[in-house]
Amino acid sequence: MSDQLSPAERFAAAKARRGTPHLQDFRARLAFDLDPFQLEACESLEAGRSVLVAAPTGAGKTIVAEFAVHLALTAPRAKVFYTTPMKALSNQKFSELAAEHGADRVGLLTGDSNINSSARVVVMTTEVLRNMLYADSPLLRDLTYVVMDEVHYLADRFRGAVWEEVIIHLPPEVRMVSLSATVSNAEEFGDWLQAVRGDTDVIVSEERPVPLEQHVLVRSKLLDLFETSTLVHGEGSDARVNPELTRLTGSQDRASGNYRQQSVGRPGKSKRDRGSRHAASSGSSTTERSDRLFGDRMGRADIVKLLRSRNLLPAIFFIFSRVGCDAAVEQVARSDVRLTEAWERDEIRSIVEERCRAIPDADLAVLGYWGWLDGLERGLAAHHAGMLPIFKEIVEDLFQRKLLKVVFATETLALGINMPARTVVIEKLEKFNGEARVPLTPGEYTQLTGRAGRRGIDVEGHAVIQWTGGVDPRAVASLASRRTYPLHSSFRPTYNMAVNLIEQFGRTRTREILEQSFAQFQADRAVVDLARRVRKQEEALGGYEQAMTCHLGDFREYSSLRRELSDLERKNARAEGRGPGEHESRGERDRRQRQIADLRKRMKQHPCHACAEREAHARWAERWWRLKRETDQMRSQISGRTGAVALVFDRVTEVLRELGYVQPSDERGAGELEVTGPGRALMRIYGERDLLVSECLRRGIWDDLDAPGLAALASSLVYEPRRETDAGERGLPRGAFRAALEATEAVWEELQALEVAHRLPEGTAPSPGIALATQRWAQGAALDLVLRDAELAAGDFVRWMKQAIDLLDQLSLVADGPLGRRARQAIDGIRRGIVAYSGVS
């Protein structure tokens, strides 16, 4: 390769190598060479700069993070924190780094685990780092690098603010390695990082390391989506849809107007027979003809067999339903599909039995262990949030070992877990978002198909879309080739954030800090564009005003009378069309008639009414009024966006002042605030209901609860039902819990009223839907009884219990005396059985 370089290029390469000795050492240890974007990012890091790396799933972004770890470990005392958005990702990354660098050099900090926290390399969730920054943790000493994996999570409306808090508050000398999926405004995000963190290089790569071939499965025919099927890095926007696919799906008829166009992923209602094979009907004649022509869609077992015959396994089927994922495994297993060899089955059983040895047989039976194991031995598995965490971890491990051949998963698998496959199958191009069925976005589609193609194993990856009547292949092609999914901030000040920042910086400085958020950065950029448009429109308004100038008088005043009269006459005509006695009284109509008569009189008396060019002036006046209304709306948007984040902070602060969490500070100067005793307690309470928890502690509302009752109350504060549910009186624990819950709900209503008065968004009330199950679990009840009470899947129950443990852990540190001790007892009562089984393997 070097022989092909010119002397000048060889000299430049040698000079670059001399300037990056650590990178050259790192490269020498790798079994492969780095891609250009990886080299560029690593060179920036060694030069002492922060980096934002935006690249597709599987492109190898994490190699840049691993180089940051390498740099830290080659320095005498430097530390690196590796943050991830999910505990599962933290666990996975901890295992990988510990295997690479040794268990003594790597630590883990999540809500569940505290392993070797003083290590040089510590993996943690982003929330843990945020809390450490606010607490000024001694673990921050010697921190040199922070990796923010999946940094595009800052768009998450529930947790996204945490990423911005960390980015803003990290010490300025800390270098950041921000890793993001490909977003269309990476440069804008990089500009913000540059503004708040200093030297930051933006490295964007849209090239997939493994080319992606896009297919559509029409009944039993697997057709290329494009005439040239391979989509490498953004190609395809100009590629033609496969004509055979267009012909077979009948979309030519739709294009000519014989079809009522539907959006991607909205094929209408579906029917399911005993074999779970689907037929779609959109109600249109063309789609009915297509369905009669093609019949039911190909069954899952047949698709698996088709993929195996074409050497397209392992595959991930994305099914946007937990029940659907479990049902799919059963369907394929019933068809007697077996994808594993005898030695693979033996290895699968050995691994599973070793990992599940601590779980009692009674619990295994409740969890459906034997049916699950049978599926695994066939090479089949489901993967979704409702599964027991240790079961999910085993599925991930077996898939990475190439022992599993087909996984039926919800979209959560696409969010960072390292499980690439040769093929990804998407059954529907729509999903339920909690409120309605909505089409997949280009970003979601790219995230899902990003799992297709294993680097270093596959020559190409494959994405297979199952065609449904009513889906136009051209719309699928547009979805597959679009790259427009920008990153938007979800940042908003919280009560906990406010008291922490006021304690550290005071009110004035905090407002300045919040103005540095990505949310305000984006708003300010929008303001610049709006202001530019306002200036242009003001020039046009001046021209219109000059064109409507009348030598007889003020034509703007005259046109205002005309507009007012016209509005009243339209209103009068509508009222007369409704008939007498409907919606308004006779007196109101009479009053309007008098207003119309008065306006007509005033208009005729106005000097401009006699102008020979009156109607020409009136046309210019109408344009002036329309443009003025648009311009006024833009000015309103500008005033609403300028300082918008600080304005919300001011409202949050006023609520805190009224409740006594902050107070005026004589020491800090005029207009400054200081945190009170109750405010210092609030500083250590994190979560959606931080203020509610703090108020209940302050008022002693939970003092009479025993440990199981406190656990039940904690679950009511973290639990969010997937759909509207009502626990009912019979579904609640008896005794002190009910009184405590009623008092908690009364405090919540009081806080809601205060927030509404200060124009803050309303929250959701506590939900005691799993309170009884939590209490019984904390009292030692059996798993089958508790899951029946909770009406939850095992994985969901574990997740809510772990969130309750997080809250109880905060209470144990904040609450005084007996309540703090009972919070610790409640944790011990909950953290048993399946709640204790999951964690780092």
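All values below were derived from every heavy atom in this structure, side-chain atoms included, with hydrogens, water molecules and symmetry-related copies excluded.
Nearest heavy-atom pair, C42 versus L34, reported as atom, atom and distance to 0.1 Å: SG-CD1, 4.5 Å. Of all non-hydrogen atoms in F67 and L23, the two that sit nearest each other are CE1-CA, 3.5 Å. Considering all non-hydrogen atoms of both residues, R338 and E377 come closest at NH1-O, 4.4 Å. Among all heavy-atom pairs drawn from A65 and V147, the shortest one is CB-CG1, 3.6 Å. Across V128 and L109, no two heavy atoms sit closer than the pair CG2-O, 3.8 Å. The two residues T449 and A463 make their nearest non-hydrogen contact at CG2-CB, 3.8 Å.
One finds a salt bridge joining E165 and R130 here, because a Lys/Arg side-chain nitrogen approaches an Asp/Glu carboxylate oxygen to under 4.0 Å. Using a 4.0 Å cut-off between charged side-chain N and carboxylate O, R322 and D326 make no salt bridge. Taking a cutoff of 4.0 Å between a charged side-chain nitrogen and a carboxylate oxygen, R175 and D199 do not qualify as a salt bridge.
Between E393 and N91, the closest side-chain pair of non-hydrogen atoms falls below 4.5 Å. Contact annotation: the side chain of V174 never approaches that of Y145 to less than 4.5 Å [non-hydrogen atoms, C-beta and beyond]. Annotation: side chain of E427 is not in contact with side chain of F318 (no heavy-atom distance under 4.5 Å). Using a 4.5 Å cut-off on side-chain heavy atoms (C-beta onward), V337 and R378 make no contact. A 4.5 Å side-chain heavy-atom check between L170 and M176 finds at least one atom pair inside the cut-off. Residues L404 and V395 have side chains in contact (heavy-atom distance under 4.5 Å, counting atoms from C-beta outward). Under the 4.5 Å side-chain criterion, counting only non-hydrogen atoms from C-beta, V216 is in contact with V218. No side-chain heavy atom of Y153 sits under 4.5 Å from any side-chain heavy atom of M148.
Note that the CD1 atom of I63 and the CG atom of L39 stand 10.5 Å from one another [nearest 0.5 Å]. The structure places CG of L97 at 10.5 Å from CD of Q92, a figure rounded to the nearest 0.5 Å. To the nearest 0.5 Å, the span separating CD on E164 from OG1 on T126 amounts to 12.5 Å. A distance of 12.5 Å separates CZ of R27 from NE2 of H70, quoted to the nearest 0.5 Å. The CZ atom of F317 lies 15.5 Å from the OG1 atom of T410; values are rounded to the nearest 0.5 Å. Atoms CD1 and CG, on I465 and L217 in that order, are 10.0 Å from each other to the nearest 0.5 Å.
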For this session: Test side-chain contact (heavy atoms from CB on, under 4.5 Å) on W163 and H152 and set out the steps.
Result: CA-CA 9 Å; W163 275 256; H152 51 274; over 6 Å; no

For this session: Would you sort out whether Y445 and L429 count as a side-chain contact (heavy atoms from CB on, under 4.5 Å), showing the intermediate values?
Result: CA-CA 8 Å; Y445 182 90; L429 293 171; 4.3 Å; yes

For this session: Test R120 against V69 for side-chain contact (heavy atoms from CB on, under 4.5 Å), laying out the working first.
Result: CA-CA 9 Å; R120 298 273 301 280; V69 173; over 6 Å; no

Exercise. Which is it for L448 and L440 under the side-chain contact (heavy atoms from CB on, under 4.5 Å) test, yes or no, and what are the steps along the way?
Worked result: CA-CA 10 Å; L448 297 175; L440 291 182; 4.0 Å; yes

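Scored by the ring pair (Phe, Tyr, Trp, His ring centres under 6.0 Å) test, Y82 finds no partners at all (sequence neighbours excluded). Here F320 pairs with nothing under the ring pair (Phe, Tyr, Trp, His ring centres under 6.0 Å) rule; sequence neighbours left out. With sequence neighbours excluded, the residues forming a salt bridge (charged side-chain N to carboxylate O under 4.0 Å, His left out) with E96 are K93, listed by chain and number. By the salt bridge (charged side-chain N to carboxylate O under 4.0 Å, His left out) test, E344 pairs with K405, sequence neighbours left out. Remark: F518 pairs with F189, W192 by the ring pair (Phe, Tyr, Trp, His ring centres under 6.0 Å) rule, at least two apart or across chains. By the salt bridge (charged side-chain N to carboxylate O under 4.0 Å, His left out) test, D156 is found to be paired with no residue, residues two or more places apart in sequence or in another chain being considered. For V329, the side-chain contact (heavy atoms from CB on, under 4.5 Å) partners at least two apart in sequence or on another chain are L380, A382, F408. Judged as a ring pair (Phe, Tyr, Trp, His ring centres under 6.0 Å), and not counting sequence neighbours, the contacts of H462 are H215. Among residues two or more places apart in sequence or in another chain, the salt bridge (charged side-chain N to carboxylate O under 4.0 Å, His left out) test is passed with D201 by R49.
Between the R345 side chain and the T340 main chain, a donor and an acceptor come within less than 3.5 Å of each other. Of the possible polar contacts, none joining the E40 side chain to the D35 backbone as a donor-acceptor pair under 3.5 Å is found. No donor-acceptor pair closer than 3.5 Å links the side chain of S350 to the backbone N or O of I348. For R219 (side chain) and K221 (main-chain N/O), no donor-acceptor pair under 3.5 Å exists by modelled atom type. At distances below 3.5 Å, not a single donor-acceptor pair connects side-chain atoms of S50 with backbone N or O atoms of T200. Within the 3.5 Å criterion, the main-chain N or O of P85 finds a donor-acceptor partner in the side chain of R159. Under a 3.5 Å cut-off, the side chain of Q38 and the backbone N or O of G60 do form a donor-acceptor pair. A side-chain donor-acceptor contact under 3.5 Å links E46 to the backbone of H22. Side-chain N or O atoms of D458 include one that pairs as donor or acceptor with a backbone N or O of R454 at under 3.5 Å. A distance-only check finds no donor-acceptor pair linking the side chain of E460 to the backbone of G453 [under 3.5 Å].
Tested against V51 for a side-chain contact (heavy atoms from CB on, under 4.5 Å), the candidates L45, V202, L193 yield a single pass: L45.
A donor-acceptor pair shorter than 3.5 Å cannot be found between the side chains of E150 and S180. A donor-acceptor pair shorter than 3.5 Å can be found between the side chains of S90 and T84. Side-chain contact check for T20 and Q24: at least one donor-acceptor pair (N or O, by modelled atom type) lies under 3.5 Å.
Identified under the salt bridge (charged side-chain N to carboxylate O under 4.0 Å, His left out) test for residues 185-197, with sequence neighbours left out: D191-R525. Pairs of residues two or more places apart, or lying in two chains, never qualify as salt bridge (charged side-chain N to carboxylate O under 4.0 Å, His left out) while including a residue from residues 99-108.
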What donor-acceptor contacts under 3.5 angstrom involve side-chain atoms of residues 309-316, with partners at least two apart or in another chain?
{"unit_1": "S309", "atom_1": "OG", "unit_2": "L306", "atom_2": "O", "d": "2.7"}
{"unit_1": "N311", "atom_1": "OD1", "unit_2": "R422", "atom_2": "NH1", "d": "3.4"}

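Relative ring orientation between W372 and F391 is described as parallel, the plane-to-plane angle staying below 30° on a 0-90° scale split at 30° and 60°.
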